[in-house]
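Beneath this line is the structure, given in structure tokens, with notes to follow.
Numbering of ligands and ligand atoms starts at 1, following listing order. Computed from a predicted model, the values in this text were never measured in an experiment.
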Amino acid sequence: MSKLEQNLTMESKTLESSLSVPSVQELSLKSSQKVPQRYIRDDGDDVFSTFPSSDPSLTIPLIDKAKLVNADTQQDELHKLHLACKNWGVFQIVNHGVSSLKNMGNQVKRFFDLPLHEKKRWAQKPGSLEGYGQAFVTSEEQKLDWNDMIFLKSLPIQNRKLDLWPQNPPEFRETLEKYSEEMREEAISIMSFVTLALGLTDTKISESFSEGLYDIRMNCYPPCPEPERVLGIIPHADNSGITLLVDFGDFPGLQFLKDGKWVGVQPIEGAIVANIGHIIEVMTNGIYKAPEHRAVVNKMKERLTIVTFCYPSPSMDIAPAKKLIVEGNQQVYKNMTHAEYFDRFFNRKLDESFIDSIRL
Ligand code: OGA
Ligand code: NI
């Protein structure tokens, strides 16, 4: 059996065992004081004992785009960006160029406010993550996230499965089109500053985001009667190049792991939270690392986020930049084509760290 055939068989196996789970919004509406056992974590962690505390060194770095584009302030801001990418793998950006955040947020809010049967017009098909539903579930024992979502591939245009793009609210599709185009421009721009911050003068990496892939996950975290016992999303690092997240909540829901401590992100209205994904970790030979993060939920309030996973062009190899492997700096990660990288990702062992599996 060829590798490809093997993969197809594996895919259809997961397909058969993919289980449908209830809408968390519906569970939340039932106003029961107890959360079903499948959502209750068994790690005993206190997910609310986080930072920022009074320690200012434990606040997610803030990058001002206006300072990056101004020649007088650029060097200082690039240095801040370098430290943010190196020490945190995440930063918040203000004064960016994306104008459709609010509009997109309103569309997503209106979509999740629709009755369940209406949302289900754009439901995930068995075995696929795209569309309205929940993250992939493969066993009855698996712990579930307190999260409903819509996941859509948006760019390039030929990757769109329009039958899964909501037509209610009526402006949803056109707003998402505009939003993804703006996010693509922002990703190219951020990547050009990230590579500059790293000291790379060639623009190959940032330019590869022009022909890149852009997948959008819109998350709804409904109120939860027992928020301390569940998670909105379990800890993970993203397999993207870079991830651009917009938080419509007004309380810290997203947390990043920094030196063994979970640090909450205090949302700033109109800001974008950018985090490094595994692809940039590989391309920078591990100088910038993809941080672990998770989401917690709230007892009273719903929280919505829109997450854009940005990938470089499929024609770009996923390999450490040659310029970074000089003077005794050993290559840490494998050279992979785009196809090899995704093949490894989709066939990874779930009990193993993905990033460790692509180390040399
Ligand atoms: C994700 C993610 C966090 C959030 O979708 O990969 O990390 O706060 N989301 O929605
Ligand atoms: Ni994530």
Closest protein heavy atom to atom 8 (O) of ligand 1, given as residue, atom name and distance to 0.1 Å:
R303 NH2, 2.9 Å
When you measure from atom 2 (C) of ligand 1 to every protein heavy atom, which one gives the shortest distance, and what is it?
I233 CD1, 3.6 Å
Which of the atoms of ligand 1 are close to F309, meaning less than 4.0 Å from one of its heavy atoms?
1 (C), 5 (O), 6 (O)
Checking a contact table here: which protein heavy atom is nearest atom 4 (C) of ligand 1, and how many Å away?
Y221 OH, 3.0 Å
Is K80 salt-bridged to D76, cutoff N-O under 4.0 Å?
no
Does L245 come within less than 4.0 angstrom of ligand 1, counting non-hydrogen atoms of the residue?
yes
Logged contact type for R294 with ligand 1, heavy-atom cut-off 4.0 Å, is neither
Before accepting this row, confirm whether a basic side-chain N of the pair E281/K289 lies closer than 4.0 Å to the acidic partner's carboxylate O.
no
Which ligand 1 atoms does R217 reach within 4.0 Å, using its non-hydrogen atoms?
5 (O)
Distance col, row L200:CG vs L324:CG, nearest 0.5 angstrom, shows 5.0 Å
With under 30° as parallel and over 60° as perpendicular, where do the rings of F345 and F354 fit, or are they tilted in between?
perpendicular
Nearest neighbour in protein (non-hydrogen) for atom 6 (O) of ligand 1
H236 NE2, 3.1 Å
Within a distance under 4.0 Å of any heavy atom of T305, pick out the atoms of ligand 1 and give their elements.
4 (C), 8 (O), 10 (O)
Before we go on, tell me: are the rings of Y132 and W122 under 6.0 Å apart, centre to centre?
no
Can you give the angle H293 NE2 - the Ni ion (ligand 2) - D238 OD1, rounded to 10°?
90°
Heavy atom of M149 under 4.0 Å from ligand 1?
no
Check the pair D317 / T337 against side-chain hydrogen bond (donor to acceptor under 3.5 Å, both in side chains), numbers first and verdict last.
CA-CA 4 Å; D317 281 349; T337 62; 5.5 Å; no
In terms of ring plane angle, is the pair F111 and F172 parallel, tilted or perpendicular, where the classes change at 30° and 60°?
tilted
Test of understanding: given a 4.0 Å heavy-atom threshold, classify the contact between D238 and ligand 1 as side chain, backbone, both, or neither.
side chain
Salt bridge E292-K258, side-chain N to carboxylate O under 4.0 Å:
no
Contact atoms of ligand 1, heavy-atom distance to H293 under 4.0 Å:
7 (O)
Can you list the ligand 1 atoms lying under 4.0 Å from a non-hydrogen atom of L254?
3 (C), 8 (O)
Centroid separation under 6.0 Å, is that true for the rings of Y341 and H278?
no
